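Written out below as structure tokens is the structure these notes cover.
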Amino acid sequence: MNPYALIDLHCDTLIALTDEDFHLLTAIQDPARREAALASLSSRVRGTDTLDLPGRHFSLSAIPQDVHWCQCCAIFVPDGLSQEEAASYYDMHQRSFHRQMETLADRVRPCRTAAEIEAAWEQGRAAAILTVENGSALAGQLARIETLARDGVRMMTLTWNGENEIASGNVTDHGLSSFGREAIRELERHKIVVDVSHLNDRSFFDVLDIAQKPFAASHSNARSVCGHRRNLTDEQVREMVDRKCLIGLNYSHDFLRTGERPAGLEDLYRHVEHFLELGAEHCLALGSDADGADVPDTLNSPAKTAGLYQYFLDRGLSQEQAEGILWKNALNFVTEME
């Protein structure tokens, strides 16, 4: 297998959401204006191959030729939408994902299993996995979990920053709801990985009481290294290590370091070192948050991200450790979750 294989657990590239779109969908209270914003976004998405636009953090055309790439593509659902709007927003983007998989079929293949990922790589194509960020996509209906599974969704972040029908995110203070506890059982039954990135601490520990299978934090760093509440505490990391979970390193400046100095590769490596000290060697992966966050210039393209392999070796990681972070740990996790 090519040592430059790479699996990224989280990007927001699929949705092509502009700052203006985000403001209209989250800050405007008038339903008619929000409906107009959704219609405009839908029209734009229908005619755009969002996964292959130039100048973005991730683009299929920008993947280096010698890299076997697997990209988890999140349908990010903003907080503040009604249940009907959230369901419609999800449906719009899952249709866009599958249309792009057909349009760009010479370069990418939609995948649900480890075998399909490796088959795509053998064919010289990238692998793409559909995920969801914000369980509001369920619109409060357990039956929609089966719908997501049929659509090929393989992982769902339970919340974004706020509170939804399932749980509370990191800017709120409640835990899992009774619906959320049922939803976790259904997600596991349908082999959709529970993703705890964005949860507040109370919700995280509620998940520990309910989850029967390993889960993921697709794009979260270490709170001991950078004190942002979106990052994982040492206690949470140790729990995830014990349960053979998966943790994706987030490239966002805000989650890499505190202070005014821009973050760089050395800040990402500080998180790697800390996770390794906590025993997370076989749980650690990449979760870039590409096109959904402000990332360092040293990590703002597929070529630069692929360079992490050599960077990790130069910093003293073994080949096994570097390959584990870039792709092996994630691929093993997908295999175990099938």
Side-chain angles (χ1 to χ4, degrees), residues 1-3 5-11 14 67-75 90 94 97-98 101 105 108-133 135 137-138 142-158 166 181-197 207-208 210-220 239-249 280-288 320 323-338:
M1 177 61 68
N2 189 326
L6 187 148
I7 298 177
D8 181 359
L9 300 181
H10 185 84
C11 79
L14 174 66
V67 177
H68 293 318
W69 198 287
C70 175
Q71 184 63 56
C72 293
C73 301
I75 298 175
Y90 163 82
Q94 70 86 10
F97 175 82
H98 289 294
M101 292 300 101
V108 64
R109 171 179 173 174
C111 297
R112 304 184 187 210
T113 67
E116 289 178 351
I117 293 170
E118 293 186 284
W121 290 348
E122 289 171 2
Q123 296 162 3
R125 294 189 284 178
I129 297 176
L130 186 61
T131 68
V132 169
E133 182 175 27
L138 299 181
L142 288 177
R144 280 186 61 82
I145 293 175
E146 183 175 359
T147 299
L148 267 61
R150 284 200 310 267
D151 292 339
V153 171
R154 296 293 285 119
M155 179 164 61
M156 189 179 81
T157 316
L158 296 181
I166 295 173
R181 293 170 187 272
E182 292 183 81
I184 287 175
R185 296 187 186 99
E186 279 296 289
L187 288 166
E188 291 185 338
R189 189 169 73 85
H190 287 282
K191 299 183 179 180
I192 297 176
V193 174
V194 171
D195 182 0
V196 298
S197 284
V207 169
L208 292 184
I210 298 299
Q212 298 297 308
K213 295 182 178 181
F215 52 86
S218 66
H219 54 304
S220 294
E239 289 282 359
M240 294 185 72
V241 169
D242 288 345
R243 292 168 177 249
K244 297 180 171 57
C245 297
L246 195 63
I247 300 169
L249 294 162
E281 178 173 343
H282 299 295
C283 302
L284 202 53
L286 301 178
S288 67
E320 181 179 3
E323 291 183 1
I325 295 172
L326 259 69
W327 64 276
K328 280 187 176 179
N329 292 340
L331 192 65
N332 289 340
F333 181 87
V334 172
T335 301
E336 291 297 320
M337 294 301 289
E338 291 171 8

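If you're wondering where the values come from, they're calculated on a predicted model, not measured in any experiment.
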Using modelled atom types and a 3.5 Å cut-off, is there a donor and acceptor pairing between side-chain atoms of [X] and backbone atoms of [Y]?
{"X": "D195", "Y": "E133", "result": "no"}
{"X": "R181", "Y": "I210", "result": "no"}
{"X": "D8", "Y": "S288", "result": "yes"}
{"X": "S197", "Y": "H219", "result": "yes"}
{"X": "Q94", "Y": "Y90", "result": "no"}
{"X": "Q71", "Y": "A126", "result": "no"}
{"X": "R243", "Y": "L208", "result": "yes"}
{"X": "S220", "Y": "L249", "result": "no"}
{"X": "W121", "Y": "W69", "result": "yes"}
{"X": "R112", "Y": "A149", "result": "yes"}

*Hey, mind stepping through S218 and M155 against side-chain contact (heavy atoms from CB on, under 4.5 Å) and telling me if it holds?*
CA-CA 9 Å; S218 66; M155 179 164 61; 3.8 Å; yes
Flag the pair [X] / [Y] as yes when at least one side-chain heavy-atom distance between them is below 4.5 Å, and no otherwise.
{"X": "V193", "Y": "F333", "result": "yes"}
{"X": "I75", "Y": "V153", "result": "no"}
{"X": "R109", "Y": "Q123", "result": "yes"}
{"X": "W327", "Y": "C70", "result": "no"}
{"X": "M156", "Y": "L138", "result": "yes"}

Pairwise distance [atom1]([X]) to [atom2]([Y]) - rounded to 0.5 angstrom:
{"X": "I192", "Y": "M337", "atom1": "CD1", "atom2": "CE", "answer": "10.5 Å"}
{"X": "I129", "Y": "E116", "atom1": "CD1", "atom2": "CD", "answer": "9.0 Å"}
{"X": "E146", "Y": "D151", "atom1": "CD", "atom2": "CG", "answer": "11.0 Å"}
{"X": "L130", "Y": "R154", "atom1": "CG", "atom2": "CZ", "answer": "11.0 Å"}
{"X": "H68", "Y": "E118", "atom1": "NE2", "atom2": "CD", "answer": "9.5 Å"}
{"X": "N329", "Y": "E320", "atom1": "CG", "atom2": "CD", "answer": "9.0 Å"}

*Take L158 and I184 through the test side-chain contact (heavy atoms from CB on, under 4.5 Å) and record every step on the way to the result.*
CA-CA 9 Å; L158 296 181; I184 287 175; 4.2 Å; yes
_Closer than 4.0 angstrom, basic N to acidic O: yes or no for E186 and R189?_
yes
Where [X] and [Y] come nearest, the two heavy atoms and their spacing:
{"X": "A74", "Y": "T131", "result": "CA-OG1, 3.1 Å"}
{"X": "T335", "Y": "A114", "result": "OG1-CB, 3.2 Å"}
{"X": "V241", "Y": "C283", "result": "CA-SG, 3.9 Å"}
{"X": "A330", "Y": "L9", "result": "CB-CD2, 4.2 Å"}

_Using the rule given for side-chain contact (heavy atoms from CB on, under 4.5 Å), can you reason through L326 versus L286, listing the C-alpha separation, both sets of side-chain angles and the distance that settles it, and then say yes or no?_
CA-CA 6 Å; L326 259 69; L286 301 178; 4.2 Å; yes
*Heavy-atom count around Q212 CD within 6.0 Å, excluding the residue itself: above 12?*
no
_Could you work out, with salt bridge (charged side-chain N to carboxylate O under 4.0 Å, His left out) as the rule, every residue matching R125, not counting sequence neighbours?_
none
